[in-house]
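Within every chain, numbering begins at 1; the chains are lettered A, B, ... in the order of the sequence lines, protein sequences first and strands thereafter. Every value quoted in this text rests on a predicted model; they were computed, and no experiment measured them.
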Amino acid sequence: MEYNFSEIEQKWQANWKKNNTYKTEIDQNKPKFYVLDMFPYPSGAGLHVGHPLGYIASDIFSRYKRLKGFNVLHPMGYDAYGLPAEQYAIQTGQHPAVTTKKNIARYREQLDKIGFCYDWSREIRTCEPDYYKWTQWAFIQMFNHYFDTKLQKAQPIASLIKAFETSGTAGIEASCTEEMTFTAGEWKSKVEKDQQEVLLNYRIAYLADLKVNWCPALGTVLANDEVSEGVSVRGGHTVEQRVMRQWSLRVSAYAQRLLDGLGTVEWTESLKETQKNWIGRSEGAEMTFNIKGQDFNFEVFTTRADTIYGVTFMVLAPESELVKQLTTAEQATEVENYVAATKKRTERERIADRRVSGVFSGSYAINPVSGTEIPIWISDYVLAGYGTGAIMAVPAHDSRDYAFAKHFSLPIIPLIEGCDVSEESLDAKEGIMMNSGFLNGLTVKEAIAKAKEYISEKGIGRVKVNFRLRDAIFSRQRYWGEPFPVYYKDDMPYMLDESRLPLELPEIDKFLPTEKGEPPLGRAKNWTNEEGFPLEFCTMPGFAGSSAYYLRYMDPKNDKALVSTEANQYWRNVDLYIGGTEHATGHLVYSRFWNKFLFDLELICEDEPFKKLVNQGMIQGRSNFVYRIKDSNTFVSLNLKDQYETTQLHVDVNIVSNDVLDIDKFKNWLPDYANAEFILEDGKYVCGWAVEKMSKSMYNVVNPDDIVVRYGADTLRLYEMFLGPLEQSKPWDTNGIDGVHRFLKRLWTLFYKEENFIVTDEVPSAEELKILHKTIKKITFDIENFSYNTSVSAFMICVNELFALKCYKKAILEPLVILLAPFAPHISEELYQALGNNESVCDATFPICNEEYLKETSVKYPISFNGKVRFMLELPADMSKEEVEKTALANEQTIKQLDGNAPKKIIVVPGKIVNIVI
RNA sequence: GCCCGGAUGGUGGAAUGGUAGACACGAAGGACUUAAAAUCCUUUGGCUUUACGGCUGUGCGGGUUCAAGUCCCGCUUCGGGUACCA
């Protein structure tokens, strides 16, 4: 019987479905294990061979854990809201729900062919009302809570109101958009609208006028992580700064906890580092500067209070409110022009153009320590959104300040002994202080501490921690997203009652903004609540639906809660999360925030959502090229191309094999090439190649479906793993796949010869047992360490060795099949059944290595001289170090190598190596 | 600029400081076959030698060590992330 993979795979996929093999329920008698993949956005292009890489890895781990006796939760779903479907809708009029549904069906079909062990009964789609009900519900909770900075925890907004009623803002320690002070009396005298406005300043989900990233091409606002280098991450459109009233989530309140939590999770160092930088904690001081001749002061944030004596000017961000207050009459025109010019420029222009620019405000500040007068300037190199939007400039020791000082000929005072600041600034944090009054003679480190102490003692400033992490802008002026459960009364937002959830996305006639420029939901008919108040026009961003999906999988059908306490107590959090690094500063920050918020409300039992996280590398494309002679339809083979003037053109990798072009297929590929002519080498047309991104335009996309048809899913799974280390990026080259396919065929020949099943009940030999147990040990270690490429090699070695021994013994082959089951489940099921088992191989027990079988009786010692191996010497494994040394020295080959010289030193590493130093 | 990763045959890659190149692909040769496919066997880093063998070799330059792809210092280069964050 031949290895008929397509028959076997169809049989077992049907079988698993029929028997609900992968359905998971809570089982208190078994330990749980939760394995999660980052769920995909179902794009119109379908899956290419790079997408399943992480899914295969997590599938192997899930199956392994199940064989190890764990109750494994391994769900899958779809991140179904998103811009591409909506952009497509705008172009074609096709409803995004229709496109999305179609794409999901296609994804599912492709996923099913690979034989994953997902419990599909738990599937979720973020665009389904019974799912997004809980996204809306969480938003309401965020609206109804504020963050107590002292408790470092979310608290009900009702208790804040109570505090306001009894003592105003006195004693309140809460995260807010801007600091407020009022008494209980003042609070009570406010009208409802004003009170609501004040509360927005504290709510975790709040509405505020913010400077936002507005993307005209997409017609929406974007979050910071959706913008890179001044353009949108999706589509690369220009982004400009605008002030708009937008929903935001007070993620920044959780900055410290998000940072601390990183210490408790098993993520890669680089990922944790990226998140740390994104959170950007910096410890420094906020210092107060008085203004010369005015009864007024302002604050700056600095991490280098020790450089206070080197401050030679101050700089305000052009957007800063201080600009108006500090501009003198003489400077007014100049300042106004500068601010106006800055406003006109997009973020991108500002980034691209690093020229120093700025203008003098006319005012002077007083150095609170030295008493010197220092001019206040305005420049766009200071950001309004960070710190206080104003800085004290220390040109000698900050490169940006230095450039500014040089440009405007401002003084530069060096503060570190022996440093030269005539050409460039010295940003170093080492050295001895000078020109610095009471700090002179101290090291920088000492000076920082002493300066901090000094300024808090004298009341000049206070120690302060600043974070780079911004609140997440949560409004999108788009259609295809979760509607906000919000209505407006007297221009103030109010939440719908939870009983009204889900608030379903309404139908609209066109997926475009209204004539008035309102978001698409402005077109919806009767878009009001029961009392007739208008509902919110914006929808939620992409990350809304993905922020708590891992909780929903625990209890996906629950209509009373996001997740029941019982399910949450059992499944707790994700034990293993596999996905790409691209979510480091988006999804992985938002979901941790969301999780912590729900944790504060005691709705879930774990503070961190993802215990261990593995990043799979990208699969790149391997492109092939043909070379067309200029102005002709003649193509020249790679090694002859230098004799001609040629143009390099991409050619579909699917019509190239081992870099040799299939000429007939090429002629049929595109009409232009039907009459192409060729200059061959050795009768072949050899193509050039390069590693590039896998994309349609490079003609290097490989579809997993095609691989499954040609080789089967088990081969695809093994080959994806065999390509290289999971975390590393590597190019896909279909040519190597024959190796793993041959391995499976060879495995098959250990069971079947022609039509006969040849497995016997013979007792295995010591050698066979050693082969098996060596493999068990290696595979177990490799799976635990996600080193799947070496696992596949180990399987190949094992089968090659058993093949050489003609080993057809059940006692060896059955454990091997179980070992292989996580990697190649279909063939393993088939062979496991052939071995006489009625249950699924999924429910077998993972074999355990018995070290007894691995014991060696002898060791082949490499005998080296000055580190160079000259010959091998086989000695008993239990021979003592001294004996080994003696035997090695007595060997005639050693004597020959020594050539009469006496060895200076002999190193014997028992069981490993002998090194003789001459 | 800053922060992370990498760099090993023609290719993908392997190697707790202990025989570099496992395992595969490709290539070459052979067996089987009328032939092809499939399968099986042999060789395969480079240079050198009829052969035994020798020399050389993990991006570059130093160092530590009996022994370095692996550890340390200084570069080169390619990816990825991030950026007027005071």
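Side-chain atoms of W278(A) lie closest to rA83(B) of the nucleotides rA83(B), rA86(B), rU39(B). Of all nucleotides listed (rC85(B), rA24(B), rA15(B)), rA24(B) comes nearest to the side chain of M796(A). When the nucleotides rC84(B), rC40(B), rU39(B) are ranked by their closest atom to the side chain of L383(A), rC84(B) comes out on top. Considering only side-chain atoms of I797(A), the nucleotide from rA15(B), rC4(B), rC23(B) that sits closest is rC23(B). Candidate nucleotides rC23(B), rU39(B), rC85(B) were compared by shortest atom distance to the side chain of Y386(A), and rC85(B) ranks first.
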All N/O contacts under 3.5 Å from nucleotides 18-20 of chain B to the protein, with atom names and distances to one decimal?
none

Pairs under 3.5 Å (N/O, protein and nucleotides 55-58 of chain B):
from    : atom 1 : to      : atom 2 : distance (Å)
rU56(B) : OP2    : K868(A) : NZ     : 3.2

Give me the distances for all protein-to-nucleotides 8-13 of chain B N/O pairs that come in under 3.5 Å?
from    : atom 1 : to      : atom 2 : distance (Å)
rG12(B) : O2'    : L723(A) : O      : 2.5
rG13(B) : OP1    : Q728(A) : NE2    : 3.4
rG13(B) : O3'    : N789(A) : ND2    : 3.4

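F404(A) has its CZ atom 12 Å from the C1' atom of rC84(B), to the nearest Å. Rounded to whole Å, atom P of rC25(B) lies 11 Å from atom OH of Y711(A). Protein atom CZ of F743(A) is 13 Å distant from nucleotide atom P of rC40(B), rounded to whole Å. The nearest whole Å value for the distance from the CG atom in D682(A) to the C1' atom in rA28(B) is 13 Å. Regarding K774(A), its NZ atom lies at a distance of 11 Å from the C1' atom of rA22(B), rounded to whole Å. Between the CE atom of M287(A) and the C1' atom of rA86(B) there is a distance of 13 Å, given to the nearest Å. Remark: C1' of rC23(B) and CD of E801(A) are 12 Å apart, rounded to the nearest angstrom. With rounding to whole Å, R468(A) atom CZ is found 15 Å from rC3(B) atom P.
For the pair Y309(A) and L415(A), the minimum side-chain heavy-atom distance is below 4.5 Å.
Taking atom C1' in both rU70(B) and rU64(B), one finds a spacing of 13 Å when rounded to whole Å. Nucleotides rU16(B) and rC4(B) are separated by 24 Å at their P atoms, to the nearest Å. Distance check on atom C1': rU56(B) versus rG63(B) gives 22 Å, rounded to whole Å. Spacing between rA20(B) and rA68(B) at atom C1', rounded to whole Å, works out to 11 Å. Comparing the C1' positions of rA15(B) and rA24(B) gives a spacing of 16 Å, expressed to the nearest Å. Comparing the same atom, C1', in rG6(B) and in rG13(B) gives a spacing of 14 Å after rounding to whole Å. Spacing of C1' atoms, rA37(B) relative to rA31(B), comes out at 16 Å, to the nearest Å. Nucleotides rU42(B) and rA22(B) have their P atoms positioned 15 Å apart, rounded to a whole Å.
The aromatic ring centres of F625(A) and W689(A) sit 6.0 Å or more apart. If you look at Y752(A) and Y3(A), their ring centroids are not closer than 6.0 Å. With ring centers used as reference points, Y719(A) lies under 6.0 Å from W732(A).
Using a 4.0 Å heavy-atom criterion, one finds that N800(A) contacts the sugar-phosphate atoms exclusively. Here S282(A) lies in heavy-atom contact (under 4.0 Å) with sugar-phosphate atoms only. The residue N735(A) sits close only to the backbone: its heavy atoms come under 4.0 Å of sugar-phosphate atoms, none of a base. K745(A) comes within 4.0 angstrom of the backbone, heavy atoms only, and of no base.
Put simply, CD on Q620(A) and NZ on K693(A) are 10.5 Å apart, with the number rounded to the nearest 0.5 Å.
Ion pair R622(A)/D659(A) flagged as a salt bridge, since at least one NZ, NE, NH1 or NH2 atom sits closer than 4.0 Å to an Asp/Glu carboxylate oxygen. Salt bridge present: K777(A) and E851(A) bring a charged side-chain N and a carboxylate O closer than 4.0 Å.
Residues meeting the side-chain hydrogen bond (donor to acceptor under 3.5 Å, both in side chains) test with R400(A), sequence neighbours left out: D398(A). Considering only residues two or more places apart in sequence or on other chains, K745(A) meets the salt bridge (charged side-chain N to carboxylate O under 4.0 Å, His left out) condition with none of them. Applying the side chain to side chain contact (heavy atoms under 4.5 Å, CB included) test to E885(A) and every residue at least two apart in sequence or in another chain returns L889(A), I906(A), V908(A). Looking at residues two or more places apart in sequence or on another chain, you find a side-chain hydrogen bond (donor to acceptor under 3.5 Å, both in side chains) between D471(A) and Y206(A), S252(A). For K730(A), there are no side-chain hydrogen bond (donor to acceptor under 3.5 Å, both in side chains) partners, not counting sequence neighbours. For A451(A), the side chain to side chain contact (heavy atoms under 4.5 Å, CB included) partners two or more places apart in sequence, or in a different chain, are A305(A), D306(A), L439(A). Under the side-chain hydrogen bond (donor to acceptor under 3.5 Å, both in side chains) criterion, T715(A) pairs with H741(A), sequence neighbours left out.
Judged by distance alone, with hydrogens and angles left aside, the side-chain atoms of E681(A) form a donor-acceptor pair with the main-chain N or O of N639(A) at under 3.5 Å. Remark: the backbone N or O of Q893(A) is paired with a side-chain donor or acceptor of N891(A) at under 3.5 angstrom.
Helical stems involving RNA chain B, defined as 3 or more consecutive Watson-Crick or G-U pairs under 3.5 Å, span B:1-7 with B:76-82, B:10-12 with B:23-25, B:26-31 with B:39-44, B:45-48 with B:53-56, B:59-63 with B:71-75.
For residues 909-918 of chain A, the pairs satisfying side chain to side chain donor-acceptor pair (under 3.5 Å) are S864(A)-N915(A), with sequence neighbours left out.
A syn orientation is assigned to rG9(B), its glycosidic angle lying within 90° of 0.
Map G739(A) and E269(A) each onto its nearest nucleotide of RNA chain B; the residue landing nearer the 5' end is E269(A). Residue whose closest nucleotide on RNA chain B sits further toward the 5' end, between F301(A) and A794(A): A794(A).
Considering only side-chain N and O atoms, R400(A) lies nowhere under 4.0 angstrom from the phosphate OP1 or OP2 of rA83(B).
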